[in-house]
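None of the values given here were measured: they were computed from a predicted structure. In the text below, chain A, chain B and the rest are named by the order of the sequence lines, each starting its count at 1.
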Amino acid sequence: MANKIIPSVKGTRDFYPETMAVRTWLYRQMRAASEAFGYQEYDGPFLEPIALYAAKSGEELVKEQAFVFPDRGGDLITLRPELTPTLARMVARKQGQLAFPLRWWSFGPFWRYERPQKGRAREFFQWNIDMLGVNSPEADAELAAVGAEFFRRAGLTPNEVHILVNNRRLMDSRLDALEIPPARRKAVFRLIDRREKMSAAAWETYAGEIGLSPAQLGGLKALLADERLWEQSEELVRFFAAARALGARDYLRYAPHVIRGLDYYTGTVFEARDRDGEFRAILGGGRYDNLVADVGGKPLPGVGFAMGDMVVTLVLQKYGRLPALDAPPAPILVTVFDADHLLEAYRLAAEVRREGFPVAAYPEPAKLGKQFKYAARIGARLVLVVGPDELAQQAVTVKNLRTREQTTLPRDALFQHLHAMLAT
RNA sequence: GUGGCUGUAGCUCAAGUGGCAGAGCACCUGACUGUGGAUCAGGAUGUUGUGGGUUCAAGUCCCAUCAGCCACCCCA
């Protein structure tokens with residue numbers, strides 16, 4: 001029994017119908033938000049050569065976190081840890097044939113060999129959405145607006161989640177002003193990224209370790225405290241103006257400490273969080289120029305974001321926004337009175353199906369009590385019975401499990417009755 | 001990859017300082033030889049995550065391992 005069940009692979013999840021319904025529902029909201037802005041769905045292979053990721057991505061993502069294994073021919077295969085390189089290749093291959101600005105979105109599984117924990121598994125689903133071929137703050141704002149649209153459709157309000165925005169070029173120019181050399185830029189970005197995770201003292205010590213002078217540290221702290229820093233960036237000024245016009249401004253907020261981990265972001269970056277800061281980022285994205293050139297295409301600017309299925313589900317649970325997803329497999333169950341009436345029951349089930357109702361038929365003769373109990377278990381609303389009495393009068397018995405009312409009616413009146421009973 | 005907590009029937013959990021493994025819910029059967037979620041009466045269930053070790057004796061102690069959770073790392 002239990003000791004014989006082969007365990008699932010670490011960090012993977014079994015999607016029972018209830019959780020599968022959540023995944024499907026998320027997919028539907030993502031689709032709705034994407035298509036509302038004119039984005040087309042696409043997908044790539046789940047298996048990719050490791051070389052695709054060697055070109056870019058964060059080094060750790062490929063070296064430490066990707067599932068890599070040799071296929072039977074000896075080639076190294078990767079279970080895709082992210083979609084962006086695949087997107088870059090797909091675009092590079094047909095660059096001359098595609099209409100830009102290109103708006104594409106996707107939802108599918110990804111794999112990363114990490115230690116599972118809250119909001120993070122080794123196999124997860126992710127929504128990716130990108131616009132390629134333009135380099136405008138307005139395009140950036142549109143992507144943020146798509147994210148906001150998703151939250152709105154999912155029932156998450158600006159009081160519960162927000163999208164924090166910053167711009168790397170802005171931060172670069174400010175760091176220039178502090179005379180922090182480009183060589184140290186990466187370390188300083190990491191420092192900024194970790195501000196809220198460390199104590200103030202530890203953070204300042206860390207700043208000293210990466211070579212910041214007290215004056216530079218002071219300047220940096222002033223930067224990170226300046227909520228109006230964005231007003232000095234023409235890109236961000238236009239970004240917020242466009243977001244306002246798009247009706248997404250209430251979800252957006254400038255946040256000087258948001259910098260994002262991935263190296264390839266070049267301009268505006270953003271991430272969504274629950275406002276209590278309880279969970280990790282719900283989505284993350286930004287402008288990444290030169291991506292397509294990295295895989296051999298012509299240079300092409302782009303902006304996009306990714307949202308995993310796990311954190312957003314936690315947030316939706318926290319705020320009680322997951323809809324009741326307990327739809328029964330079928331609202332109608334046809335019982336099998338006994339072995340002699342099995343085919344009669346099946347003929348009835350087929351007729352009702354042809355009328356357009358989803359119908360489950362009991363798959364073998366069994367006591368009616370057992371079949372009624374089963375009907376109640378699966379959440380069926382109506383139970384149909386054709387036994388000897390009904391057959392003799394060309395009738396069907398219909399029991400409404402909610403009201404417990406039962407009537408026997410002629411077959412030609414059945415459909416009308418079913419429509420009426422299931423209408424509410 | 002580093003550190004911490006946890007692991008007992010399908011589920012939630014019990015089993016003073018080591019002494020023959022239990023309850024509730026759920027499940028199955030029957031009362032109800034044409035009817036459900038109610039009631040009542042019965043019933044089945046675990047090599048206590050796995051593998052070693054200490055002991056006369058281990059769910060209970062020790063070691064290892066696996067899994068889950070949490071933090072770090074990284075990020076969705």
Round to the nearest Å and state the distance from [X] atom [atom1] to [N] atom [atom2].
{"X": "A:K118", "N": "B:rA71", "atom1": "NZ", "atom2": "P", "value": "7 Å"}
{"X": "A:W203", "N": "B:rC72", "atom1": "CH2", "atom2": "P", "value": "18 Å"}
{"X": "A:F189", "N": "B:rC75", "atom1": "CZ", "atom2": "C1'", "value": "17 Å"}
{"X": "A:R122", "N": "B:rC75", "atom1": "CZ", "atom2": "P", "value": "18 Å"}
{"X": "A:F305", "N": "B:rC75", "atom1": "CZ", "atom2": "P", "value": "19 Å"}
{"X": "A:E278", "N": "B:rC70", "atom1": "CD", "atom2": "P", "value": "11 Å"}
{"X": "A:F279", "N": "B:rC69", "atom1": "CZ", "atom2": "P", "value": "14 Å"}
{"X": "A:E114", "N": "B:rU2", "atom1": "CD", "atom2": "P", "value": "15 Å"}

Please verify the inter-ring angle class for [X] with [Y]; under 30° counts as parallel, over 60° as perpendicular, anything in between as tilted.
{"X": "A:Y254", "Y": "A:W230", "answer": "tilted"}
{"X": "A:W104", "Y": "A:Y42", "answer": "tilted"}
{"X": "A:Y288", "Y": "A:Y265", "answer": "tilted"}

Using the [atom1] atom in both, what is the distance from [N] to [M], to the nearest Å?
{"N": "B:rU65", "M": "B:rG1", "atom1": "P", "value": "11 Å"}
{"N": "B:rA15", "M": "B:rG22", "atom1": "C1'", "value": "7 Å"}
{"N": "B:rU17", "M": "B:rA57", "atom1": "C1'", "value": "16 Å"}
{"N": "B:rG18", "M": "B:rA31", "atom1": "C1'", "value": "46 Å"}
{"N": "B:rG19", "M": "B:rG3", "atom1": "C1'", "value": "37 Å"}
{"N": "B:rU33", "M": "B:rG37", "atom1": "C1'", "value": "23 Å"}
{"N": "B:rA23", "M": "B:rU45", "atom1": "C1'", "value": "14 Å"}
{"N": "B:rC27", "M": "B:rA67", "atom1": "C1'", "value": "26 Å"}

Check your understanding: For A:R93, does the CZ atom have more than 12 heavy-atom neighbours from other residues, nucleotides or ligands under 6.0 Å away?
Key -> no
Any side-chain to backbone donor/acceptor pair from [X] onto [Y]? Under 3.5 Å, distance only.
{"X": "A:E41", "Y": "A:R31", "result": "no"}
{"X": "A:W203", "Y": "A:L191", "result": "yes"}
{"X": "A:R353", "Y": "A:V359", "result": "yes"}
{"X": "A:R381", "Y": "A:I332", "result": "no"}

Check your understanding: Are A:Q216 and A:R184 linked by a side-chain donor-acceptor pair shorter than 3.5 Å?
Key ->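 Result is no, nothing qualifies.
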Review point. Side chains of A:E123 and A:T12: do they bring a donor and an acceptor to under 3.5 Å?
Key: no
Check your understanding: Want to settle it: does A:R120 or A:Q117 sit nearer the 5' end of RNA chain B, counting the closest nucleotide to each?
Key ->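 It is A:Q117 whose nearest nucleotide is closer to the 5' end.
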Check your understanding: Which residue lies toward the 5' end of RNA chain B, A:M310 or A:R194, if each is placed at its nearest nucleotide?
Key ->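 Looking at RNA chain B, the more 5' nearest nucleotide goes with A:R194.
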Practice item. Answer yes or no: is there a side-chain heavy-atom contact under 4.5 Å between A:D309 and A:V22? Key: no
Check your understanding: Residues from residues 123-131 of chain A sitting under 4.0 Å of RNA chain B, heavy atoms only?
Key ->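 A:F124, A:Q126, in order of number.
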Study note, to complete from the structure: Numerically ordered, the residues 153-160 of chain A set in heavy-atom contact under 4.0 Å with RNA chain B is none
Looking at [Y] and [X], is there a salt bridge between them, counting it only when a charged N and a carboxylate O are closer than 4.0 Å?
{"X": "A:E142", "Y": "A:R103", "result": "yes"}
{"X": "A:R153", "Y": "A:E149", "result": "yes"}
{"X": "A:E160", "Y": "A:K318", "result": "no"}
{"X": "A:E344", "Y": "A:R347", "result": "yes"}

Check your understanding: Are A:F357 and A:H419 near enough that their ring centres are under 6.0 Å apart?
Key ->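 Under 6.0 Å, so yes.
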For [X], which contact category applies under a 4.0 Å heavy-atom criterion: base, sugar-phosphate, or nothing?
{"X": "A:A281", "value": "sugar-phosphate"}
{"X": "A:G285", "value": "nothing"}
{"X": "A:R13", "value": "nothing"}
{"X": "A:A272", "value": "nothing"}

For nucleotides 3-7 of chain B, give me every protein contact, N/O to N/O, under 3.5 Å, one pair per line with atom names.
from  : atom 1 : to     : atom 2 : distance (Å)
B:rG3 : O6     : A:R115 : NH2    : 3.1

Check your understanding: Which nucleotide, B:rC72, B:rA67, B:rC69, lies nearest any side-chain atom of A:K10?
Key -> B:rA67
Point to revise | With sequence neighbours excluded, residues passing salt bridge (charged side-chain N to carboxylate O under 4.0 Å, His left out) with A:K370 | key: none
Study note, to complete from the structure: For RNA chain B, the dot-bracket notation using Watson-Crick and G-U wobble pairs below 3.5 Å, [ ] for pseudoknot-type crossings and | for other-strand pairs, is (((((((..((((.....[..)))).(((((.......))))).....(((((..]....))))))))))))....
Close N or O pairs between protein and nucleotides 33-40 of chain B (under 3.5 Å):
from   : atom 1 : to     : atom 2 : distance (Å)
B:rG34 : O6     : A:D389 : N      : 3.0
B:rG34 : O6     : A:D389 : OD1    : 3.0
B:rG34 : O6     : A:D389 : OD2    : 2.4
B:rG34 : N1     : A:E390 : OE1    : 2.9
B:rG34 : N1     : A:E390 : OE2    : 3.1
B:rG34 : N2     : A:E390 : OE2    : 2.6
B:rU35 : O2     : A:K399 : NZ     : 3.4
B:rU35 : O2     : A:Q406 : OE1    : 3.4
B:rU35 : N3     : A:Q406 : OE1    : 2.7
B:rU35 : N3     : A:Q406 : NE2    : 3.2
B:rU35 : O4     : A:Q406 : NE2    : 2.5
B:rG36 : N7     : A:K399 : NZ     : 3.2
B:rG36 : O6     : A:L401 : O      : 3.1
B:rG36 : N1     : A:L401 : O      : 2.6
B:rG37 : N7     : A:R404 : NH2    : 2.6
B:rG37 : O6     : A:L401 : O      : 3.1
B:rG37 : O6     : A:R404 : NE     : 2.9
B:rG37 : O6     : A:R404 : NH2    : 3.3

Review point. So which of A:R120, A:R122, A:K10 actually passes salt bridge (Lys or Arg N to Asp or Glu O under 4.0 Å) with A:E114?
Key: A:R120
